[in-house]
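Whatever order the structure lists them in is the order used to number ligands and atoms, beginning at 1. Count residues from 1 along the sequence.
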Amino acid sequence: MSARILVVDDVIPNVKILEAKLSVEYYDVITAYNGADALKIALEQQPDLILLDVMMPQMDGFEVCQRLKADNKTAHIPVVMVTALSEAADRIQGLESGADDFLTKPVDDMALFARVKSLLRLKMMMDEFRLREETSSEMGVISMSDRKEEAIQRARILVIDDNEYSVRMMKEIYAETYDITLEPNMEEAQVLLRGGDYDLAVISLDSSNYDPLRLCSKIRSLEETRQLPILTLVDESDKDKLIKGMEIGVNDYVMRPIDANELIVRTRTQILRKQYQDRLRHNFHRSMELAVTDSLTGLYNRRYMSNHLDAILQRAKLDYKPVCVMILDIDFFKRVNDTHGHHVGDEVIKEFSLRIGASVRGIDLACRYGGEEFVVVMPDTNLSVASTVSERLRRQISEVPFSVSKGTLELNLTCSIGVTVSGESESSDSLLKRADKALYKAKRDGRNRVVVAPSNVEVFERPHGIAAR
Ligand code: GH3
Ligand code: MG
């Protein structure tokens, strides 16, 4: 994960040390030696993360952070406060000024990279989210944040820890903001995780009654929990375990004795990232749905059908199975619009779609091809069956009046249908063209009828026994 990181410190060697460490990991480092420069560079160069020294002459780190967070153009950039003092008061002030995390000098490598990675991941999700938000609103489709039902829910945390002191502390800290489940037993925890839909697992690495690393690796290997963030609680003396944990895929850690503020910010970062990620995925599926279906009828749209018909034809060719295509067009539809208005026209189109949907099989592909023109693709179907289906559908349209305007108006409508079957190695274009020709003939011959076109030969009248009126 490459990213641009702004390092701010008034002491040149401090900047150089961080710059060297980060460059080795291929981060692109930019530097500033005072608060004013930091603000200017942050605005102009839009770094992905800022490591900000607290104690600087003129403008200190708290003030710089406050100003960054107050400006819309820099507020989204995560800020890590780097402080010489590990005083709790400093952390509280850092939080109040809007910092996203803390590091204590001298900066430990593991801490540095854990904080950097975890905040960069969060920023990546948020950036992607903002970008899609912009694109969708430009396209006039969905707005992710406007959708109330998708509002971020109260997050759920599973705590796996058998240390009474830290469990009590977490209960206190989390209770107000999160739903928390405590489970000191590893086997039970695994059962909960598989079915639980959690947003974060907090796992103590120094438990005596289970192997925490095995649990972490299980979480990473199972499909249901692969994306679940893991925050570990670790004893200073257990650094080796932590290193292994980070290799397995632990997302972040808090050292014991637990500092409440650290626990709060790191929990928040992991949960936010998970929730942004979930929303992105959810919206991806939604926009896929929107991209392939027609908004008025809910049927597939023309673009999807064209793409999919090719795939169907290829598969059919391998299986030596015929594919039938039916094109339907409402007769004299313009009159409905002209006489009763567009609104009634829309209602008719919807009802027409429902009738198509009701009379085809699950594997058939029904799509709105154009204004009042529809296509049904029927895989593994011969022409005689397709003719019967077409004729049944034609009757269902013409024999049952369309009830519109909340039942105050009944319209008698008919449709014309062209139906054909795929020939050997036929393209979707030529198949659709032949069906369309058959439809045209049905119109020309007086409408309210089915015209059947066998494969790769001239269109001819429907076979005997398929009655048209
Ligand atoms: P034909 O029997 O030859 O098919 O005659 P027709 O009137 O059905 O066909 P024509 O192509 O002359 O008119 C189709 C009309 O359908 C014109 C267009 O305004 C209307 N239309 C297309 N899409 C929609 C839609 O989404 N809603 C409504 N209400 N009308 C639509
Ligand atoms: Mg028409």
Side-chain angles (χ1 to χ4, degrees), residues 139-142 289-306 309 324-360 364-377 386-387 389-420 429 431-453 459-462 466-469:
M139 287 176 65
V141 256
I142 37 164
E289 217 174 87
L290 285 172
V292 302
T293 52
D294 164 58
S295 59
L296 180 67
T297 61
L299 296 181
Y300 284 105
N301 62 24
R302 181 178 185 140
R303 194 174 43 157
Y304 179 83
M305 194 278 299
S306 306
L309 181 54
C324 281
V325 166
M326 183 199 307
I327 299 194
L328 310 87
D329 186 289
I330 307 177
D331 295 330
F332 302 119
F333 182 68
K334 199 168 169 304
R335 284 188 202 156
V336 177
N337 276 339
D338 292 349
T339 317
H340 307 285
H342 226 75
H343 216 74
V344 169
D346 281 0
E347 279 189 66
V348 167
I349 288 176
K350 276 195 224 174
E351 172 63 24
F352 195 85
S353 308
L354 286 177
R355 292 192 194 181
I356 293 178
S359 68
V360 302
D364 296 336
L365 179 75
C367 104
R368 185 167 178 212
Y369 200 56
E372 23 82 75
E373 200 175 359
F374 301 81
V375 165
V376 179
V377 177
S387 308
V389 173
S390 306
E391 180 54 27
R392 191 177 63 212
L393 188 51
R394 187 199 61 74
R395 275 206 314 271
Q396 272 160 5
I397 300 295
S398 64
E399 288 173 1
V400 184
F402 282 61
S403 170
V404 288
S405 291
K406 296 197 176 90
T408 59
L409 186 62
E410 291 214 325
L411 300 174
N412 289 303
L413 292 162
T414 62
C415 71
S416 302
I417 301 178
V419 56
T420 191
D429 268 1
L431 185 61
L432 285 166
K433 226 172 249 163
R434 193 166 55 250
D436 200 46
K437 253 172 128 177
L439 166 66
Y440 185 70
K441 183 162 167 41
K443 290 276 183 195
R444 216 176 39 213
D445 290 352
R447 295 178 172 79
N448 190 22
R449 66 190 60 221
V450 176
V451 169
V452 180
V459 169
F460 77 109
E461 284 292 348
R462 75 207 134 67
I466 309 260
R469 285 184 293 178

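At least one N or O atom of Phe332, backbone or side chain, sits closer than 3.5 Å to an N or O atom of ligand 1. Where the criterion is an N or O separation shorter than 3.5 Å, residue side chain and backbone included, Ile330 meets it with respect to ligand 1.
Atoms of ligand 1 lying under 4.0 Å from any heavy atom of Lys334, numbered from 1 in the order shown and given with element: 6 (P), 7 (O), 8 (O), 12 (O), 13 (O). Close approach of ligand 1 to Gly345 is summarised as follows: ligand atoms under 4.0 Å from at least one heavy atom of the residue are 29 (N).
If you take CG on Asp429 and CG on Asp436, they are separated by 11.5 Å, rounding to the nearest 0.5 Å. Between Asp338 atom CG and Phe332 atom CZ the span is 13.0 Å, to the nearest 0.5 Å. With values rounded to the nearest 0.5 angstrom, Leu309 atom CG is found 12.0 Å from Arg302 atom CZ. The distance from the CD1 atom of Ile417 to the NZ atom of Lys443 is 10.0 Å, given to the nearest 0.5 Å.
Atom 3 (O) of ligand 1 has as its closest protein heavy atom Arg447 NH2, 3.0 Å. Looking only at protein heavy atoms, the nearest one to atom 24 (C) of ligand 1 is Ile349 CD1, 3.9 Å. What sits closest to atom 16 (O) of ligand 1 on the protein, heavy atoms only, is Phe333 CD2, 3.1 Å. Of the protein's non-hydrogen atoms, Glu372 OE1, 4.0 Å is the one closest to atom 9 (O) of ligand 1. For atom 23 (N) of ligand 1, the nearest protein heavy atom (residue, atom name, distance) is Gly371 CA, 3.2 Å.
Between Glu391 and Arg394 there is a salt bridge, since at least one side-chain N of the basic residue sits less than 4.0 Å from a carboxylate O of the acidic one.
Under 4.0 Å from ligand 1, the heavy atoms of Lys443 that appear belong solely to its side chain. Residue contacts with ligand 1 for His340 are absent, since no atom lies close enough (heavy atoms, distance under 4.0 Å). Contacts with ligand 1 closer than 4.0 Å are made by no heavy atom of His343, backbone or side chain. Proximity of Asp329 to ligand 1, defined as any heavy-atom pair under 4.0 Å, is confined to the side chain (atoms from C-beta onward). The proximity of Val344 to ligand 1, defined as any non-hydrogen pair under 4.0 Å, does not occur for either the backbone or the side chain. The part of Asn337 lying near ligand 1 is the side chain, judged by heavy-atom distances below 4.0 Å.
Within a 4.0 Å radius of atom 26 (O) of ligand 1, the protein contributes one or more non-hydrogen atoms.
At the Mg ion (ligand 2), the vertex angle linking OD1 of Asp329 with OE1 of Glu372 is 100° (nearest 10 degrees).
Distance check for Glu373 against the Mg ion (ligand 2): none of its N/O/S atoms falls below 2.8 Å. Backbone or side-chain N, O or S atoms of Ile330 reach the Mg ion (ligand 2) at under 2.8 Å. Put simply, Asp331 stays out of reach of the Mg ion (ligand 2), with no N, O or S atom under 2.8 Å from it.
Seen from the ring of Phe402, Arg355 counts as a face-on cation partner, given the 6.0 Å and 45° thresholds.
With hydrogens and angles ignored, the 3.5 Å screen pairs a side-chain donor or acceptor of Arg392 with a backbone N or O of Ser359. When atom types are taken as modelled, the side chain of Glu373 and the backbone of Ile327 share no donor-acceptor pair closer than 3.5 angstrom. Side-chain N or O atoms of Thr420 include one that pairs as donor or acceptor with a backbone N or O of Ala453 at under 3.5 Å. Side-chain atoms of Arg434 never come within 3.5 Å of backbone atoms of Leu432 as a donor-acceptor pair (strictly under, hydrogens ignored).
Ligand 1 lies within reach of Arg368, whose nearest heavy atom is under 4.0 Å from it.
A donor-acceptor contact closer than 3.5 angstrom links the side chains of Ser416 and Asp331. Under the 3.5 Å distance criterion, with hydrogens and angles disregarded, no donor-acceptor pair is assigned to the side chains of Asn301 and Arg368.
Partner of Val375 under the side chain to side chain contact (heavy atoms under 4.5 Å, CB included) criterion, chosen from Val325, Leu365, Leu328, Ile356: Val325.
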